[in-house]
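No hydrogens, no waters, no symmetry mates; every other heavy atom, side chains included, goes into these values. Just so we're on the same page: letters track the sequence lines, and every chain starts at 1.
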2 protein chains.
Amino acid sequence: MKKKRSIYDVANELQVSVTTLSFVLNGKGQEKRISKEVIQKIENYIKETGYQPNHLGRSLSTGKSKTIGMIVGDINNPFFSEVASGIEKIALKAGYTLIVASSNNELNQMKSVIKLLNDRNVDGFIISPIAGIEETLADLKKEGKPMIIFNCFFPDLNTFNIVVDNKKGAFEATRHLYENGFRNIGFITLNLYSQKERIEGYTNFIESQQLNTNILKLPYELNYEQIINKITSFITSNDELDSVFFSTNFLTLGGLKAISRLGGKYAKMGIVSFDDHLLYDVLNPGITAIKQPVKQISATIINHLLSMLDKDADKKVEPQTIMFPVELIVRASSSKR
Amino acid sequence: MKKKRSIYDVANELQVSVTTLSFVLNGKGQEKRISKEVIQKIENYIKETGYQPNHLGRSLSTGKSKTIGMIVGDINNPFFSEVASGIEKIALKAGYTLIVASSNNELNQMKSVIKLLNDRNVDGFIISPIAGIEETLADLKKEGKPMIIFNCFFPDLNTFNIVVDNKKGAFEATRHLYENGFRNIGFITLNLYSQKERIEGYTNFIESQQLNTNILKLPYELNYEQIINKITSFITSNDELDSVFFSTNFLTLGGLKAISRLGGKYAKMGIVSFDDHLLYDVLNPGITAIKQPVKQISATIINHLLSMLDKDADKKVEPQTIMFPVELIVRASSSKR
DNA sequence: TTGAAAGCGCTAACAA
DNA sequence: TTGTTAGCGCTTTCAA
């Protein structure tokens, strides 16, 4: 691997000082009143010979790595991967590189990737938190690291949060089933902090109708087959159930599988899913789903983080919680058939 | 943001020299014959006070960033996200951070992210290439950058490649339809280099039976609705078609949607999809699919890259092509109904 | 308008 | 066995 040219080499070749070269390289030529000709000469030469400054040297010197660390539950979850790719696009344009890491919804894993990314000098964080991580986040905040919390958040933590209205979404979804004539609505969810609001939304509606809640809260760690089994026994052992509201996409998949295996009368159960999916439209019946405004979420996250990162912005970005509405996409699965 | 302690600060606090400290920090205590007591003292102190060396300084000094750059077509594609997350897990354990970037199958985008990651001093690359990128890869190779090519590769390029047997997979899938009685088998694919072998596999089988090929090659840039429309008109304008083989997951989704919209006799078409999907099992009929051994692929990629990166390995890793078999998961969609 | 030089935090050759 | 110190490549203050 041949050694790369350093700024000194190039300065030498060009017969200018490193200072001058550095200024021009960073677009500060004007500001520093370097002569037009020199600027031109340098820029042309750079373009021709293709010199690229070493990022590490720059980062070490400036203390900025131009890198953003993002921590999600699981990059295989389409919600996260879509948010991540939306963020990546905008970040790239702004000169930032995005590093995405998965916590697998495991506290120690999350702590260690936060530490890892912090040690790697990421300039800012984008985090989908899990229960138990409050302190780590508080520390990060105390350190002064810019960060955005998304998907769910800790009200006590005074961070900048970007979420959707999970509670209302779940409430409306449940109401929708109710209005379509379902009276025994089960709710299948995960034991994750991020599900808290959805559980509340469901519970609120059910209780507002003096009905009984019926919640299955599954451990996150289960694999697909285990989920199918758990759901199957939940459904069969609650024989009065006429409909189910699934709290995440992955659960819906498991649930659909369970129901399709059961067949018979179960095939007529009402179904709503939190999070939409391309295939829901193709299924028969189509699956009614709550859709999150992914594009908006990702754009909002990265734009706010970028302005936190932008030191020129003299006005500090105040902590706040931005909440997007969700949309109920009605398909056949939520009506009596 | 309070300034972090440097190795000098810590050395001072500990009353040892930076060298000693640095050696111990890098686990070279034994090797450098630092006294047991000093090593212990340092390690304890570090643990208590939580000092973490600055990666940038280290990288600048060693010339190694302990970072791997991965370039995929689109991180939202489940195949890529699964491979990426498998790689990430192993890389993390080996002390490497993975940066995943999407090329969106766009040549300039791919060139620019390769350049970006290279400027960021990634130690190695993992790349799913597209047509036109040969030269860039050749340059990278000339530079001596360790890299692994996956998904598809350029036979002329003498790189380390990890792929599945696309040709055979496509051949067998087509044969499977044929053996189930279908005679007018269409093939719907994308205008991507990665599809080349699949097209060949399909074509080879069809021609081996003296049948006519019927291929729809769609531009990658199309969105979901456009794909549905193109597929719809392909199907309706080729009225003799009795079955379709979809070359990627995303096309299958579009195709299923198109077929479900068309309804009627089209609902009985034979269908096979390249790449499996959780939901294929839930659909009615279940979708027959070719499954790639994702876990094996990701493990193989990262393990080989790691050994290329490991300078202790005196034996160089020779360029070669590792080809995994694929598996045909037979479901109802590929039989006459 | 340009140049010299001191750092940024770490590694490692060399000296002691 | 430990300490001194010269880089790694870049930015930026200060001086000219």
Rounded to the Å, how far apart are A/Leu14 CG and C/dT2 P?
12 Å
Roughly, in whole Å, what's the span from CG in A/Leu60 to C1' in D/dC8?
9 Å
Whole-Å distance separating the NZ atom of A/Lys66 from the C1' atom of D/dC10:
15 Å
Can you check whether B/Val122's main-chain N or O pairs, donor with acceptor, with B/Lys64's side chain at less than 3.5 Å?
no
Distance, rounded to the nearest Å, where A/Asn121 contributes CG and C/dG9 contributes C1'
10 Å
Side-chain N,O (A/Ser6) to OP1/OP2 (D/dC8) below 4.0 Å:
no
From CG of A/Asp9 across to C1' of D/dC10 the rounded distance in Å is 13 Å
Heavy atoms under 4.0 Å, any strand shown: does B/Lys36 hit a base, just sugar-phosphate, or nothing?
nothing
For B/Phe23 and C/dA12, give me the distance from atom CZ to atom P, rounded to whole Å.
7 Å
In this structure, is the centre-to-centre distance between the rings of A/Phe154 and A/Tyr193 below 6.0 Å?
yes
Could you tell me whether the phosphate oxygens of C/dA4, OP1 or OP2, come under 4.0 Å of any side-chain nitrogen or oxygen in A/Ser17?
no
Residue B/Val38, side-chain heavy atoms: nucleotide from C/dT2, D/dT2, D/dA6 that is nearest
D/dT2
Side chain of B/Ile7 only, heavy atoms from C-beta on: which candidate in C/dA5, C/dT11, C/dG3 is closest?
C/dT11
Could you tell me whether a side-chain N or O of A/Ser102 sits under 3.5 Å from a main-chain N or O of A/Ile75, the two making a donor and an acceptor?
yes
Which of A/Ile87, A/Val83, A/Ile322 passes side-chain contact (heavy atoms from CB on, under 4.5 Å) with A/Phe150? Answer is A/Val83
Please determine if a side-chain N or O atom of B/Asn26 lies less than 4.0 Å away from the OP1 or OP2 oxygen of C/dT11.
yes
Ignoring backbone atoms, establish whether B/Lys64 has a side-chain N or O less than 4.0 Å from OP1 or OP2 of D/dC8.
no
Flag for B/Thr20-B/Ser17: side-chain donor and acceptor within less than 3.5 Å:
yes
Nucleotide D/dG3, atom C1' - distance to CG of B/Asn12 in whole Å
13 Å
Is the shortest side-chain N/O distance from A/Tyr51 to OP1 or OP2 of D/dC10 below 4.0 Å?
yes
Identify, between B/Thr62 and B/Ser35, the residue whose nearest nucleotide on DNA chain D lies closer to the 5' end.
B/Ser35
Under 4.0 Å, counting only non-hydrogen atoms across every strand here, what does B/Val16 touch: a base, just sugar-phosphate, or nothing?
sugar-phosphate
Between B/Arg58 and C/dG9, does any side-chain N or O lie under 4.0 Å from OP1 or OP2?
no
May I ask you to check whether A/Thr159 and A/Asn161 show a side-chain donor-acceptor distance below 3.5 Å?
yes
Can you find a donor-acceptor N/O pair under 3.5 angstrom joining the side chain of B/Ser22 to the base of C/dA12?
no
Rounded to whole angstrom units, what separation is found between the CG atom of A/Leu21 and the P atom of C/dT1?
17 Å
Donor-acceptor pair (no angle test) under 3.5 Å: B/Thr19 side chain, D/dT4 base:
yes
